[in-house]
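Whatever order the structure lists ligands and atoms in, that order sets their numbers, starting from 1.
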Amino acid sequence: MAQPMIGVIGGSGVYQIEGLADAEWRHVDTPWGAPSDAILTGLLDGIAMAFLPRHGRGHVHAPSEVPFRANIDALKRLGVTDVLAVSACGSFREEMAPGDFVVVDQYIDRTFARAKSFFGTGCVAHVAFSHPTCARLSEAAAQAGTAAGVRVHRGGTYLAMEGPQFSTLAESRLYREVWGADVIGMTGMPEAKLAREAELCYASVAMVTDYDCWHPGHDAVDVAAVIRTLTQNSANARTLVARLPAHLGDRPAACPCGCDRALEHAIMTAPNKRDAALVARLDAVAGRVLGA
Ligand SMILES: CSC[C@H]1O[C@H](OP(=O)(O)O)[C@H](O)[C@@H]1O
Ligand SMILES: Nc1ncnc2[nH]cnc12
């Protein structure tokens, strides 16, 4: 049995969490630059927590400019084992209504202007990604959401768009009717990919704020509509986080899904061909397998 350390990445509307003992905002430097903000660390019911607001306090980073690699590296560097990502999203399903939470289990990645890997020339790696989220952490998040009084949908496909503009009607219909996506947002990727590369368990709670623009009975999404739902969603997300430690339970140290061993057979570059500078940058993310 092992104690986890939980990293919470707060999305739009979630810029802090309450109730941490020994709370401290810590600045963490990474070889990938500065994270979105300082990271709030402390203990919640005896469980170590680290909270990072994805857009920074005051919402300063646009989705395309979020320093995703630095964020994941910084959490790993602090000792985080499990990342709970909290995000606002639009819904493509009538039954996934504003105010509901969707525990995402699949993605369609339509982003194109972001660095998506820690690896590259000089150290090439290909992690498995057919099941992009951690089933163990997702289940705990779903239980904590239900305990917080929220309607929780277990499973859903998140379409990650580049943004920052919202979708056209044609795009919204394509994603919903042809591609079968359930929710849409601008930040789920490459965050989930990078968490897998860093051997972190990752679960995503997408909080529905709107019906994007496909729904004939609702106005097309705009920021005002998002904000109307965001305040309640954000309070519910903070309650979910407060309930999370109670739902982690006694757990085996090794992740049953293998998230914590994702790099075991992933690195292709021969040891004598590896780029020393890149290997050094990978100290936190891949030090376990690179011996960096
Ligand atoms: C304010 S609406 C668009 C904005 O909100 C979502 O952010 P996050 O995923 O960090 O909660 C969405 O992805 C966009 O970045
Ligand atoms: N409809 C939508 N599209 C993209 N990101 C969102 N975040 C919240 N609602 C959204």
- Message: Only heavy atoms of A88, strictly under 4.0 Å: list the atoms of ligand 2 that pass.
- Response: 7 (N), 8 (C)
- Message: With a heavy-atom distance limit of 4.0 Å, tell me whether C89 approaches ligand 2 through its side chain, its backbone, both, or neither.
- Response: backbone
- For S87, take its heavy atoms, then give the atoms of ligand 1 lying under 4.0 Å from any of them. 9 (O), 11 (O)
- Message: Between the side chains of D210 and R228, is the shortest nitrogen-to-carboxylate-oxygen separation below 4.0 Å, so that they form an ion pair?
- Response: no
- Message: For the 3.5 Å polar cut-off, considering only N or O atoms, please tell me whether V223 and ligand 1 meet it.
- Response: no
- Item | ligand 2 atoms in contact with D210 (distance to a heavy atom under 4.0 Å) | 1 (N), 2 (C), 8 (C), 9 (N), 10 (C)
- Note on the structure: Judged by heavy atoms only, the candidate from V226, I184, N233 nearest atom 2 (S) of ligand 1 is V226
- Query: ligand 2 and G90, any nitrogen or oxygen pair closer than 3.5 angstrom?
  - Reply: yes
- Looking only at distance, does Y158 have an N or O less than 3.5 Å from an N or O of ligand 1? no
- Query: Numbering the atoms of ligand 2 from 1, which are under 4.0 Å from a heavy atom of F166?
  - Reply: 2 (C), 3 (N), 4 (C), 6 (C), 10 (C)
- Message: I want to check a possible cation-pi pair here: R173 against W214, using under 6.0 Å from ring centre and within 45° of the ring axis as the test.
- Response: no
- Note on the structure: Closest non-hydrogen contact found for S172 with D212 is OG-OD2, 2.6 Å
- for atom 5 (N) of ligand 2, nearest protein heavy atom and its distance come out as G185 CA, 3.5 Å
- Do we get R57 above W25's six-membered ring, with its NZ or CZ under 6.0 Å from the centre and within 45° of the axis? yes
- Query: Among H59, E191, M207, M186, whose heavy atom sits nearest atom 13 (O) of ligand 1?
  - Reply: M186
- Task: Just let me know how D212 lines up against ligand 2, side chain, backbone, both or neither, with a heavy-atom cut-off below 4.0 Å.
- Result: both
- Note on the structure: A student checking ligand 2 against T209 at a 4.0 Å heavy-atom cut-off should list atoms 8 (C), 9 (N)
